[in-house]
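Notes follow once the structure below has been shown.
Labels below follow one simple rule: chain letters A, B, ... track the order of the sequence lines, proteins then strands, and each chain is numbered from 1. Quick caveat, the model's predicted, so the values are computed rather than measured.
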There are 2 protein chains.
Amino acid sequence: MADICGRADGRFVMAGDSPGRTTYRVVQTEILRRITGGPWGPGTLLPTEEDLAQQFGCARATINRALREIDELGLIDRRRKSGTRVRLAPVRQARFEIPLVRAEVEATGAAYRYSLVHREMPDAPDWLRARLNLAPGAVALHLICMHFADGAPYQLEDRWINITALPQAEDHDFDLQGPNEWLIATVPFSEVEISFEATAAGVAEVTHLNHRSGDPVFHVKRTTWWQGAAITHVGLSYRAGHRMTARY
Amino acid sequence: MADICGRADGRFVMAGDSPGRTTYRVVQTEILRRITGGPWGPGTLLPTEEDLAQQFGCARATINRALREIDELGLIDRRRKSGTRVRLAPVRQARFEIPLVRAEVEATGAAYRYSLVHREMPDAPDWLRARLNLAPGAVALHLICMHFADGAPYQLEDRWINITALPQAEDHDFDLQGPNEWLIATVPFSEVEISFEATAAGVAEVTHLNHRSGDPVFHVKRTTWWQGAAITHVGLSYRAGHRMTARY
DNA sequence: AACATCGTTATGTCTATACATAAGGACCTT
DNA sequence: AAGGTCCTTATGTATAGACATAACGATGTT
């Protein structure tokens with residue numbers, strides 16, 4: 001990496017700019033180093049952007065960008081007039097990528113297979129009507145699907161689709177393609193609420209995922225809106241031992 | 001919000017700038033609107049930054065910032081020379097804030113209480129030595145703690161601390177303050193790996209969380225490093241019915 | 001002491017301009 | 001057809017300079 005050389009007068013010199021090493025990144029790295037391991041512990045008031053620009057020998061806009069991104073990480077607190085302060089307790093946040101099941105399976109090197117287990121279009125049950133804000137007596141498309149990894153059950157999908165908002169779904173054939181992939185192609189930019197919990201295996205999980213009744217199941221519920229209208233609600237049950245992992 | 005008025009010549013006029021409405025935000029909102037509901041569906045090649053700057057009547061740097069942030073959302077794909085394209089399938093990502101248990105409990109309006117259940121300093125078991133990269137025969141500080149919400153069990157914490165890396169931990173009194181809060185104050189800027197899973201209630205969960213044996217438990221495992229050295233590993237078991245929720 | 005006013009200051013944003021850099025495409029060679 | 005060279009183009013970054021805006025703190029008023 002580009003070296004940063006401290007000098008007696010407090011100025012810094014950036015040297016050896018290897019490819020990919022932009023000024024704001026070098027500055028950012030150095031500031032992060034000072035915060036996380038160096039002289040700028042929690043609570044420290046940083047020099048002003050102008051001072052830092054002087055010290056690093058760059059424009060204030062460059063310092064501003066470096067600090068803005070560190071702010072987005074949750075490590076510092078920036079306020080007009082008061083200046084930039086290192087947070088006492090950094091705001092911890094984890095980012096999870098939510099992949100398609102297909103991608104999730106194929107990323108492990110396993111072969112992916114999909115199958116539609118069940119399809120019907122009953123009156124929407126009360127809990128679903130409440131969740132998707134459906135009219136009384138509305139019908140909804142109910143799909144149960146299985147996703148396999150190398151032939152073994154991987155995920156059970158229990159999906160409801162709002163036919164009023166998405167009438168095309170009624171005529172679509174979900175035998176070959178999972179509803180998720182179709183939905184993403186049809187309604188690409190939706191709002192999502194997702195939640196994770198541990199549930200006990202019921203009849204469906206016992207039948208399709210080879211769980212024993214009452215076994216712990218990693219379960220995801222997801223509701224999707226588009227332009228204010230609820231489109232679909234899905235429950236995903238994973239095979240035994242499933243984990244979600246992230247770093248931050 | 002500030003209105004954007006389309007004109008016959010394709011130019012746009014920004015009007016009615018209410019407070020907080022900056023140019024790049026207005027531009028961003030309008031571009032997002034065109035992508036998510038308007039003419040720029042998946043696969044569309046957007047005009048160049050220069051063209052957009054012309055159309056919106058602002059500088060290219062402003063367009064650049066708006067597009068850069070949309071890129072970070074995972075909605076577009078930007079490439080030099082090729083230009084900016086709307087992703088066929090947006091990259092879905094959820095952000096979870098990882099709060100302190102105390103904050104988590106108090107956010108629900110409940111009163112928080114902490115208690116130390118158990119403290120010892122045995123030889124580190126093999127699985128822990130592997131995880132924290134400890135020397136053979138190393139000892140580790142083992143703490144079991146409970147977190148209560150309005151007097152009811154909320155979370156069981158089973159923590160191991162690397163005494164070699166953090167010798168202060170041995171002398172600290174964890175009777176009043178949870179190890180998490182102490183660690184955050186002591187080692188504020190650490191790297192973390194976190195994972196979620198569904199496990200079956202064991203003896204500890206039955207004893208402290210009132211689960212029945214084998215009940216599903218929402219379980220979190222977290223390992224923390226600082227400057228390359230593993231500091232601590234913790235397992236968190238939640239009371240029945242716990243959920244983690246996010247929107248994106 | 002409580003409160004309103006106002007100047008100062010550090011960050012927030014915007015602009016015009018410049019140069020850097022990745023990469024598509026045309027052209028030429030083998 | 002396959003491969004290499006060079007030109008062109010759109011994004012990526014950096015800059016100086018300017019004005020906007022939130023908010024601390026001092027000053028004056030009730």
Side-chain angles (χ1 to χ4, degrees), chain A residues 1-2 4 12-31 40 43-87, chain B residues 1-2 4 11-31 35 40 43-87:
Chain A
M1 71 166 268
I4 303 201
F12 278 81
V13 184
M14 283 170 270
D17 42 308
S18 24
R21 285 263 131 201
T22 59
T23 310
Y24 89 89
R25 260 175 217 288
V26 172
V27 168
Q28 206 174 56
T29 307
E30 169 61 15
I31 293 178
W40 295 345
T44 307
L45 182 65
L46 267 58
T48 67
E49 294 187 348
E50 203 121 21
D51 287 352
L52 287 169
Q54 276 274 320
Q55 291 172 29
F56 282 104
C58 65
R60 182 167 82 90
T62 305
I63 300 290
N64 183 277
R65 175 154 182 200
L67 289 178
R68 194 196 322 139
E69 294 189 0
I70 293 178
D71 186 32
E72 280 162 15
L73 287 178
L75 294 191
I76 56 178
D77 191 31
R78 319 193 69 206
R79 230 174 276 177
R80 281 164 162 152
K81 162 81 182 168
S82 307
T84 301
R85 203 172 280 278
V86 180
R87 291 198 121 97
Chain B
M1 70 166 265
I4 303 203
R11 300 288 205 88
F12 278 80
V13 183
M14 285 171 267
D17 43 310
S18 25
R21 286 264 130 203
T22 60
T23 310
Y24 88 91
R25 259 175 217 289
V26 172
V27 168
Q28 205 174 58
T29 306
E30 170 61 14
I31 292 179
I35 290 177
W40 295 345
T44 307
L45 181 66
L46 266 60
T48 68
E49 294 187 347
E50 203 121 23
D51 287 352
L52 287 169
Q54 276 273 322
Q55 290 172 29
F56 282 104
C58 65
R60 182 167 82 90
T62 304
I63 299 290
N64 183 277
R65 174 155 183 199
L67 289 179
R68 194 194 325 140
E69 294 190 1
I70 293 178
D71 186 31
E72 279 161 17
L73 286 178
L75 294 191
I76 56 179
D77 190 32
R78 318 193 69 205
R79 231 173 276 177
R80 281 166 164 152
K81 163 79 185 173
S82 307
T84 300
R85 202 172 279 279
V86 181
R87 291 197 120 98

Quiz item: Does the D:dG17 base have a donor-acceptor partner in the side chain of A:R60 within less than 3.5 Å?
Solution: no
Practice problem: First locate atom CZ of B:R68, then atom CZ of A:R65, and finally report the distance between them rounded to the nearest 0.5 Å. | Solution: 3.5 Å
Quiz item: Within this structure, what is the CD-to-C1' distance between A:Q28 and D:dA14, rounded to whole angstrom?
Solution: 15 Å
Practice problem: Output yes when at least one side-chain N/O atom of B:S82 is less than 4.0 Å from OP1 or OP2 of D:dA10, else no. | Solution: no
Quiz item: Going by heavy atoms in the side chains, are B:L67 and B:L52 under 4.5 Å from each other?
Solution: yes
Exercise. Measure from CZ on B:R78 to P on C:dA23 and round the result to the nearest Å.
Key: 14 Å
Quiz item: In whole angstroms, how far is the C1' atom of D:dA10 from the CG atom of B:L45?
Solution: 10 Å
Quiz item: Over how many whole Å does the gap from B:E50 atom CD to C:dA18 atom P extend?
Solution: 13 Å
Quiz item: Between C:dT13 atom P and A:R68 atom CZ, what is the distance in whole Å?
Solution: 7 Å
Exercise. Looking at every strand, decide which applies to B:R79 at a 4.0 Å heavy-atom threshold: base, sugar-phosphate, or nothing.
Key: sugar-phosphate
Self-check item: Of A:A59 and A:R80, the one whose closest DNA chain D nucleotide lies more 5'
Solution: A:A59
Quiz item: A:T62 side chain N/O closer than 4.0 Å to the phosphate oxygens (OP1, OP2) of D:dT15?
Solution: yes
Exercise. Give a yes/no on whether any side-chain N or O of A:N64 is located under 4.0 angstrom from OP1 or OP2 of C:dT13.
Key: no
Quiz item: Quick one: does B:F56's side chain get under 4.5 Å of B:I31's, heavy atoms only?
Solution: yes
Quiz item: Roughly, in whole Å, what's the span from CD in A:E49 to C1' in C:dA10?
Solution: 7 Å
Quiz item: Taking atom C1' of D:dT13 as reference, at what distance in whole Å does atom CD1 of A:I63 sit?
Solution: 14 Å
Quiz item: Could you give the NZ-to-P distance, from B:K81 to C:dG24, as a whole number of Å?
Solution: 9 Å
Quiz prompt | Any donor-acceptor pair under 3.5 Å from A:R78 side chain to A:T84 backbone | solution = no
Quiz item: So A:R87 and A:D77, salt bridge (charged side-chain N to carboxylate O under 4.0 Å, His left out) or not? Walk me through it.
Solution: CA-CA 6 Å; A:R87 291 198 121 97; A:D77 191 31; 3.8 Å; yes
Self-check item: Any B:T84 side-chain N or O less than 4.0 Å from OP1/OP2 of D:dT11
Solution: yes
Quiz item: Distance check: side-chain N/O of B:T48 vs OP1/OP2 of D:dA10, anything under 4.0 Å?
Solution: no
